[in-house]
Amino acid sequence: MHTTDHAKKGSLPGPESHPRGRGEAAIIYPVISRRARGLSLGVNLFPDRKRCTYNCPYCEVRPFSNPDVRISVGAVEAELRAFFAQDWKIYSGQFELKDISVSGNGEPTLSPLLEEALEAAFAVLRDMEGTEPSFARVPVVLITNSTGFLKPTICDMLARFSRKVRLQVWAKLDGGSPAMHRLLSGAEFEYGRIVDAIADFAARVPVTLQTMVCRDSRSGQVLFDAEEYLATLQSLGRKNARIAAIQLYTVARPPAEPWIAGLDDAQMRAIAGRVRAALPGWIEVECFGRTGSLE
Ligand code: SF4
């Protein structure tokens, strides 16, 4: 999940009685998001098992199987409405709703229910605006590993949404070279194709890039090829990609591979400083250490 994903979260336990499922089987999960800086309501389109096009060594989604759990047409809207009717009052005194984020146990653009889930999130927010005026500013965030940008139908659907509602797209860009990208994605997608797909999509819709910075604890090597990564960012700029922000983050939870380790805060700050210095000042570079934002 990238969620659990790409947006690291300190989990906020829900009330014991609520019906929205527990753990990885949940369709709706309230979490404290370091990146969103508040309560982020997650929508998990894969409660039965992880589905992803990548196999990142730092992935925080454990292999699991809930063969009896089904997500069906209408489920996301029903679960969202149930959350706001029953559970929201438990959180609302303490937390501001920052976003509804569609990610979950895998790559959401693989789900046939993605478009419906986005529609449902916007419909529920709109209906809540009467009693919660601040919801008029709450965006829906799609968190993708960027392979969805290889599909024109997905790009067209997201572009259509972004024209009519508050959609944010957060997209993974790990590594600045084919070798580093292969290592960090655990997959064989051609790096140049992924970068081109990000560029094409970001020329239509602004994108926030999420980049993992971690190290191989066996060799001590930091798995971040700064020079090549910065060259990639500059190439995106030349292609008129609109990069809204860059989020650099490190491992905060047990990763899939035991040899992946997080960086300490000083290392993360140094890398963020280097990225910041190389980019135009209007691109915000956010930096997250093992325990939270380093701003
Ligand atoms: S394998 Fe990678 S892209 Fe897929 S869910 Fe895990 S971290 Fe996200």
Side-chain angles (χ1 to χ4, degrees), residues 1-11 23-27 29 31 33-36 40 42-66 69 71 99 101-111 113-114 117 141-151 154 158 168-176 178-191 193-195 197-198 201 207-216 223-224 229 246-263 288 290:
M1 337 204 193
H2 317 292
T3 30
T4 91
D5 31 337
H6 303 298
K8 298 304 165 266
K9 301 148 179 180
S11 207
E24 74 247 355
I27 293 175
Y29 52 97
V31 293
S33 166
R34 292 190 292 157
R35 289 191 185 73
S40 173
V43 177
N44 172 22
L45 298 177
F46 308 113
D48 54 340
R49 65 182 173 88
K50 175 180 168 182
R51 285 192 183 84
C52 196
T53 45
Y54 280 179
N55 192 21
C56 309
Y58 61 79
C59 184
E60 298 172 351
V61 182
R62 307 261 72 82
F64 67 93
S65 172
N66 296 308
V69 176
I71 179 167
D99 61 44
S101 102
V102 180
S103 56
N105 300 319
E107 169 51 32
T109 61
L110 289 178
S111 169
L113 295 177
L114 173 61
V141 179
L142 173 74
I143 302 180
T144 173
N145 66 12
S146 297
T147 56
F149 298 146
L150 297 170
K151 296 183 205 155
I154 295 284
L158 295 175
Q168 292 182 11
V169 179
W170 296 3
K172 181 188 282 296
L173 174 65
D174 284 347
M180 190 61 81
H181 185 258
R182 195 177 310 117
L183 176 67
L184 289 172
S185 67
E188 293 297 325
F189 286 87
E190 199 189 313
Y191 182 68
R193 279 187 71 214
I194 295 289
V195 173
I198 293 173
F201 182 76
V207 163
T208 290
L209 293 177
Q210 299 193 304
T211 297
M212 164 58 74
V213 185
C214 55
R215 76 188 159 80
D216 183 333
L223 302 176
F224 182 68
Y229 176 78
I246 293 175
Q247 299 177 342
L248 302 170
Y249 66 108
T250 194
V251 176
R253 290 174 165 195
E257 296 292 344
W259 49 269
I260 289 284
L263 266 59
F288 299 87
R290 291 185 183 118

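All of these numbers come straight from a predicted model, not from anything done at the bench. Whatever order the structure lists ligands and atoms in, that order sets their numbers, starting from 1.
For N44 (side chain) and E24 (main-chain N/O), a donor-acceptor pair under 3.5 Å exists by modelled atom type.
Counting atoms of ligand 1 from 1 in the listed order, those under 4.0 Å from a heavy atom of C52 are 1 (S), 3 (S), 4 (Fe), 5 (S). Set against the non-hydrogen atoms of N145, the atoms of ligand 1 under 4.0 Å away are 3 (S).
For the side chain to side chain donor-acceptor pair (under 3.5 Å) criterion with Y54, the lone passing option out of H181, K172, E107 is H181.
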(request) Before giving the answer on side chain to side chain donor-acceptor pair (under 3.5 Å), spell out for Y58 and D174 the whole-Å C-alpha distance, their side-chain angles and the decisive distance to 0.1 Å. (result) CA-CA 11 Å; Y58 61 79; D174 284 347; 2.4 Å; yes

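Distance check for C56 against atom 2 (Fe) of ligand 1: an N/O/S atom falls below 2.8 Å.
Within the 4.0 Å heavy-atom criterion, neither part of E107 lies near ligand 1. Of the heavy atoms in E60, none comes closer than 4.0 Å to ligand 1.
Taking each heavy atom of I194 and S146 in turn, the nearest pair found is CG2-CB, 4.2 Å. Nearest heavy atom pair, residue N105 against residue P47, reads ND2-CA, 4.4 Å.
The shortest heavy-atom distance from K172 to ligand 1 is under 4.0 Å.
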